[in-house]
Amino acid sequence: MKDLLKIYNSLLKIYGPQGWWPLLFRKRTKRDKENSFIGYHCGDYSYPKNNQQRFEICAGAVLTQNTAWTNVEKALINLNNNDLLNAKAVKETDLQELKKAIMPAGYYNQKAIYLKKIAEFCLSIKGRTPAREEILSVKGVGPETADSILLYAYNQPEFVVDAYTRRMFTHLNFFNKNAKYNEIKEIFENRLPKDVIVYQEFHALIVQHAKNHFSRKVKINESSFL
DNA sequence: AACCAGGACGTGA
DNA sequence: TCACGTCATGGT
């Protein structure tokens, strides 16, 4: 079985740093490429810089559940336009207003409730880094969302397993398609250096490569397998 | 015009 | 534990 670190380095060489987690509402820096897509901060791992950005990641992680990121962006922009992109405002705002704002991201009835829950949670921990079980106890936060929040909002070394990871590495014969979330997570964490940047970058690279090679309407060929 | 997207929850075996 | 139905908008 091929070395995961070699696959990581191949992907990094092909695609370059991905700049995850995208933060739509941050100041552009000198390091931003002129035409780089807003949000992605390629090669800059100094995020998040404050609790507002931390909450933007939490909100994005919930909103992107089984949903295209382009739809999440619309919802995040609506939230920002209504001054709702912070935990306190989300907690206090009217539920119907919240639903209206996040409508483009789909599942808005349940996601509005989930956003309220995660907002209350963020306020309750007062900026300290939460434990994994703690976040998992929030309704609407499952294993992938919890790991995304820990890895990207709190810079904790928790590997994120999503549908792309499962699909791509099933094709690469690392495990079968009915492997459990935690089994897959352990495979990655046991075979990679416990490095937050590697975890962050690898997950983002997997998403990019899987979009190109392992999603619908895309033929799998020899270049898919690195 | 189906099909799918950076899942999670509730339910009943 | 586990398989299955449900949730919803927007792009292809």
Side-chain angles (χ1 to χ4, degrees), chain A residues 8 11 15 17-24 37-42 47-48 56-79 95-96 98-121 132-154 158-171 175-185 188 199-220:
Chain A
Y8 168 72
L11 290 172
Y15 299 105
Q18 298 297 295
W20 277 40
W21 189 278
L23 285 162
L24 267 50
F37 189 71
I38 184 66
Y40 297 89
H41 40 91
C42 304
Y47 293 92
E56 184 183 333
I57 295 171
C58 294
V62 168
L63 290 171
T64 198
Q65 289 169 1
N66 202 36
T67 300
W69 182 254
T70 49
N71 288 5
V72 176
E73 285 179 334
K74 299 176 198 300
L76 289 173
I77 289 169
N78 287 345
L79 287 173
L95 185 61
Q96 298 306 320
L98 191 55
K99 288 182 181 179
K100 195 188 301 177
I102 67 170
M103 192 104 64
Y107 306 119
Y108 55 83
N109 287 304
Q110 49 190 30
K111 282 179 179 174
I113 296 171
Y114 297 166
L115 283 185
K116 287 255 185 197
K117 298 287 185 187
I118 196 71
E120 283 182 37
F121 178 75
R132 190 166 187 270
E133 308 78 57
E134 222 175 348
I135 310 190
L136 278 172
S137 71
V138 179
K139 185 178 288 189
V141 177
E144 186 193 334
T145 306
D147 287 333
S148 294
I149 290 172
L150 285 167
L151 179 60
Y152 292 104
Y154 291 95
E158 300 285 351
F159 200 87
V160 179
V161 178
D162 67 342
Y164 285 132
T165 309
R166 181 181 296 274
R167 202 180 310 158
M168 173 171 160
F169 286 88
T170 297
H171 282 290
F175 39 78
N176 52 2
K177 64 179 190 301
N178 48 24
K180 295 176 185 173
Y181 184 96
N182 286 313
E183 294 173 355
I184 300 174
K185 179 179 169 70
F188 281 90
Y199 283 19
Q200 290 185 342
E201 206 63 81
F202 202 178
H203 172 65
L205 287 164
I206 289 167
V207 171
Q208 186 56 56
H209 186 68
K211 277 179 176 171
N212 292 347
H213 293 269
F214 296 103
S215 65
R216 67 201 170 101
K217 290 168 65 176
V218 179
K219 288 176 192 158
I220 298 174

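Every chain is numbered from 1 and lettered A, B, ... according to where its sequence line falls, protein lines coming before strand lines. Side-chain atoms are counted along with the backbone in the values below, which use heavy atoms only and exclude waters and symmetry mates.
Residue A/Asn109 has a polar side-chain atom (N or O) positioned under 4.0 Å from OP1 or OP2 of C/dA8.
Between the P atoms of B/dA8 and C/dG10, the separation comes to 22 Å (whole Å). Atom P of B/dC3 sits at a distance of 16 Å from the matching atom of C/dT6, rounded to the whole Å.
Rounded to an integer number of Å, the gap from A/Lys111 NZ to B/dA5 P is 14 Å. Look at CD1 on A/Ile77: it is 14 Å from C1' on C/dG10, rounded to the nearest Å. One can place CG of A/Leu63 at 14 Å from C1' of C/dC7, the figure rounded to the nearest angstrom. In this structure, A/Met103 places its CE atom 8 Å from P of C/dG10, rounding to the nearest Å. Rounded to whole angstrom, the span from the NZ atom of A/Lys211 across to the P atom of C/dG11 amounts to 14 Å.
Scored by the side chain to side chain donor-acceptor pair (under 3.5 Å) test, A/Asn182 finds no partners at all (sequence neighbours excluded). When the side-chain contact (heavy atoms from CB on, under 4.5 Å) test is applied to A/Phe188, the partners found at least two apart in sequence or on another chain are A/Leu4, A/Phe159, A/Thr165, A/Phe169, A/Phe175, A/Ile184, A/Leu192, A/Phe202, A/Ile206. Residues satisfying the side chain to side chain donor-acceptor pair (under 3.5 Å) criterion with A/Glu158, sequence neighbours excluded, are A/Lys185. Listed by chain and residue number, nothing satisfies the side chain to side chain donor-acceptor pair (under 3.5 Å) test with A/Glu56 (two or more places apart in sequence, or in another chain). Residues forming a ring pair (Phe, Tyr, Trp, His ring centres under 6.0 Å) with A/Tyr15 (at least two apart in sequence, or on another chain): A/His209. Applying the salt bridge (Lys or Arg N to Asp or Glu O under 4.0 Å) rule to A/Lys180 yields no partners; only residues at least two apart in sequence or on another chain are considered.
Looking at the side chain of A/Lys74, the nearest of the listed nucleotides B/dA5, C/dG11, C/dT9 is C/dG11.
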Tabulated below should be each protein N or O lying under 3.5 Å from an N or O of nucleotides 1-5 of chain C; please produce it.
none

Grab the N/O contacts between the protein and nucleotides 7-13 of chain B below 3.5 Å, and write none if there aren't any.
residue: B/dG7; atom: OP2; partner: A/Asn66; partner atom: N; Å: 3.2
residue: B/dG7; atom: O5'; partner: A/Asn66; partner atom: N; Å: 3.1
residue: B/dG7; atom: O4'; partner: A/Asn66; partner atom: N; Å: 3.4
residue: B/dG7; atom: O6; partner: A/Asn66; partner atom: ND2; Å: 3.4
residue: B/dG7; atom: N2; partner: A/Gln110; partner atom: NE2; Å: 3.3
residue: B/dA8; atom: OP1; partner: A/Gly142; partner atom: N; Å: 3.2
residue: B/dA8; atom: OP1; partner: A/Gly142; partner atom: O; Å: 3.2
residue: B/dA8; atom: OP1; partner: A/Glu144; partner atom: N; Å: 3.3
residue: B/dA8; atom: OP1; partner: A/Thr145; partner atom: N; Å: 2.8
residue: B/dA8; atom: OP1; partner: A/Thr145; partner atom: OG1; Å: 2.7
residue: B/dC9; atom: OP1; partner: A/Gly140; partner atom: N; Å: 2.7
residue: B/dG10; atom: OP1; partner: A/Lys139; partner atom: NZ; Å: 3.3

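Between the side chain of A/Lys111 and the main chain of A/Ala105, a donor-acceptor pair closer than 3.5 Å is present.
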Name each donor-acceptor pair under 3.5 Å that joins a side chain in residues 135-146 of chain A to protein atoms two or more places apart or in another chain, with its distance.
residue: A/Ser137; atom: OG; partner: A/Glu134; partner atom: O; Å: 2.6
residue: A/Thr145; atom: OG1; partner: A/Gln65; partner atom: NE2; Å: 3.0

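At a threshold of 4.5 Å between non-hydrogen side-chain atoms, the residues A/Met168 and A/His171 do not count as touching.
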